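Note sheet for the following structure.
Naming convention: chains lettered A, B, ... in sequence-line order (proteins, then strands); numbering from 1 in each chain. Just so we're clear, the structure is a prediction, and the values are computed from it rather than from any experiment.
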Amino acid sequence: MPPHRNPGALLLLADGRLPSGGYAHSAGLEAAVRLGRVRDTDDLERFLVGLATTTGRVAATFAAAACATAARGDLDGLDRLQSEFAARTPSPAQRRVASALGRQLLRALSSIAPHELHGRIPDRLYHPVAFGVGAATLGLAPGDASRAMLHETLMTPTIAAPKLLRIDPFDAHRAFAATLAVADSAAVGAARDATRDPATFPAWSAPLAEVYAAQHAAARTRLFAS
Amino acid sequence: MTVSPRLATGTSSAMTGGAVVAVEYDHVGRANRLARLRSDGPFRVRPGGSKGFEPWTGGARDVARVAVSAATAGPLGGDRLAFEVAVGDGATLVLVDTSATLVLPGVHGEPSRVDYRVRVGDDATLIWASEPLIAASGCDHTHRIEVTLAPRARFFLRDELIAGRVGEPSGNLSLQIRVTRDGTALFDQRLGIGPGHPGWDSPAVVGNAKAVGTMLIVDPGSTIGVDRADLIGADGVSVGIADDVVAAGAVAADSLALSRTLDRAIALVGSPWGPEPGASATISEETP
C-alpha cells in the first residue's frame, strides 16, 4: 500500500471522538441483544464479521466511490451513488439512520475543516456517500475512505457493546481486534470494486440486521438511536 | 427430484443451456399468447394450469401460465445456464416451479451458475412464485436474477433459500436479485450462504436459520409501500421501499416456517395481493 498522503486527516476522520453523532448508535446491536441473538463476546465478534462481509463491505465500496467522485467534482455521479445505495438498503429504518448520520457528519466536517465542496454538494447524502465526500474534502484517497468506513461501521457496535451486554470494554475491543483481518480484506476489495460501474457494486445483504433496524424503530424504549 | 444420469455414470457433462419464455398480449384477439417457449438442459418449461387462488391476476382467465420443471437433476457443478423471461406490454404471465430445486455439486467440484434476465413491459404483470432453492452440501452456486421493469410494470417475486438438506451442512449458494425500473436501480440485494461466504451465519446476517427468503411486490399506482414497516414475528420484516413497492425479508428454522412468514407478509399487504388485513380471523390470530 502506498503511504497515506494525509495521515493526520485519516486519523481525524476515523476517530470516534469526532463529533459526528456516531456514538449515539449501535448499528442494530441493541435490538440483536434484546432479541437474544447476541449474548457474549463471541457473539459480538460474529456479529462484527457479518457486518464486515455484507453491509460493511457495501458501505466501504460506496465511501471509496464517493471519495473519487467528489474529488473530481462529479455531482451527478453522487446522485447515482445515492440511488444505487438506496437500492441496496431496502430498510426504511436503515435509510433514515444513514441519512441522519450523513447529514451530521457533513455538518461537523464543514465546520471543522471548511472546503469549497461543502457548499456545492446535495444536503442529503447517505452516510457512506457523505463519508466518502468528507474523505475527499480532507484530501484522502478512496482506499482511505473505504478503510475508515469499515472502521466506523465496526467500531459503532463495539463501543455500544459494553452498555448492552455484560462485557467490559476490553472484551468488546478484543472482538473488534479479532475482525481486523476480515475488515482489511473487505476494505481492499471495496476499494477495488469502487472503480467499476456503480450498477455492479457489491450488494451483500444482512437480513437479520434489517429485522433489527425495524424492531428497534418500533421499540418503545431504547438506549441507542439505532 | 431424480438423480441425474450425469452423476450416476460419473461423466462430466456440464450444461450450458437454459430456457426462454416470452409472452405477448394480442390486442386483436384480446388474449395472452406464448410467443416463445423453449428450454434445454436441466429446465423444462411448459404451459401450466392455474394453481387455484390467484387474486393478483384480477380474476382474468386468459393469463399465460408457464410451469418450470426439472428435466434432470441440478443445476450441477459446472453448469452455466441462462433463463430469459419477457412479458410484453399489457401481457400477464404467471411463472411457477413444479418443485423445489436441489443445487448439487458436480463430480469435479466446479462452480455452477444460472443467470435470469427478466423484462416486464408497461401495463404488463409477471407473477413469479418460485419454489425453494436448496443448497446441497458441497455445492458452489451463483443464482443471479436481473429484472428490468418498464415504468408501469407489475411484478411479484418470491424466493426461498434452504441451507442444505435435512441434517447436512449448507453448500455455497449466492442469490442476487437486482431490479431496475425505468432505468433506475430499485432493489439490489445479494445473499450468500454456506462456508464460502464468511460471516453468513453471523447474528447480523442469517444466524442459525436454515431458511431465508425474500418477497418483492411492485404495483404501480398503488400505495402498498406507504409507511409500511410490518414486523412479522422476531425474524421477519416487510417494508415499503417506495410508495408502490414492498420488500419483505425473513429467516426461519425451516422452509415451512419461512413460508408462513412470507404468507403473512403478503396477507398484510392486502388486496389484491393477499386477503385484506383482518379479513380472516385465522390470520389475525397469528399476529405475534
Side-chain angles (χ1 to χ4, degrees), chain A residues 27-29 31-39 42-58 80 82-95 157 179 182 185-186 198-215 217-219, chain B residues 144 146 161 174-181 183-193 196-209 211-216 225-242 245-252 258 261:
Chain A
L29 184 66
V33 171
R34 188 181 293 117
L35 291 167
R37 287 195 174 267
V38 173
R39 297 170 191 273
D42 288 346
D43 289 346
L44 175 63
E45 181 186 330
R46 295 189 302 118
F47 183 88
L48 297 176
V49 170
L51 290 186
T53 53
T54 59
T55 51
R57 169 81 184 259
V58 172
R80 177 88 196 284
Q82 284 284 100
S83 58
E84 288 290 345
F85 183 78
R88 287 160 178 76
T89 312
S91 160
Q94 288 178 329
R95 287 184 189 175
T179 66
V182 173
S185 138
T200 70
F201 280 5
W204 298 109
S205 65
L208 280 171
E210 289 170 29
V211 169
Y212 301 150
Q215 290 275 356
Chain B
R144 187 179 150 85
E146 196 171 315
L161 302 184
S174 95
L175 168 65
Q176 181 165 14
I177 302 169
R178 178 175 168 87
V179 180
T180 58
R181 174 161 68 173
T184 301
L186 182 67
F187 181 88
D188 194 342
Q189 293 277 268
R190 183 174 183 188
L191 179 68
I193 60 171
H197 298 283
W200 77 282
D201 53 357
S202 156
V205 186
V206 173
N208 54 4
V212 54
T214 302
M215 183 196 73
L216 188 67
V226 175
D227 294 332
R228 181 174 302 283
D230 298 329
L231 302 174
I232 303 162
D235 301 324
V237 63
S238 176
V239 297
I241 64 170
V245 182
V246 171
V251 305
L258 178 64
T261 304

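- Of the possible donor and acceptor atoms, one in the side chain of A:Arg95 sits under 3.5 Å from a partner among the backbone N and O of A:Thr89.
- For B:Gln189, the parts lying under 4.5 angstrom from a heavy atom of chain A are both the backbone and the side chain.
- Side-chain contact check for A:Val58 versus A:Phe201: every heavy-atom pair is 4.5 Å or farther apart.
- The minimum heavy-atom distance linking B:Ala250 with B:Thr261 is given by the pair CB-CG2, 3.6 Å.
- Contact count against chain A (heavy-atom pairs under 4.5 Å) is highest for B:Ala204 among B:Ala204, B:Ser202, B:Gly192, B:Gly199.
- For B:Asp235, the salt bridge (charged side-chain N to carboxylate O under 4.0 Å, His left out) partners at least two apart in sequence or on another chain are A:Arg37.
- For the set B:Ser174, B:Ala229, B:Ala242, B:Pro198, the entry with the most heavy-atom pairs within less than 4.5 Å of chain A is B:Pro198.
- When A:Ala86, A:Ala199, A:Ala52, A:Ser83 are compared by the number of non-hydrogen pairs under 4.5 Å with chain B, A:Ala199 comes out ahead.
- Both the backbone and the side chain of A:Ala214 come within less than 4.5 Å of a heavy atom in chain B.
- B:Leu191 touches chain A through backbone and side chain together, each having a heavy atom under 4.5 Å away.
- Formation of a donor-acceptor pair under 3.5 Å by the A:Arg88 side chain with backbone atoms of A:Pro202 is found in this model.
- Proximity to chain B involves both the backbone and the side chain of A:Phe47, based on heavy atoms less than 4.5 angstrom apart.
- Counting all heavy atoms, side chain and backbone alike, A:Ala209 lies closest to A:Gln94 at O-NE2, 3.4 Å.
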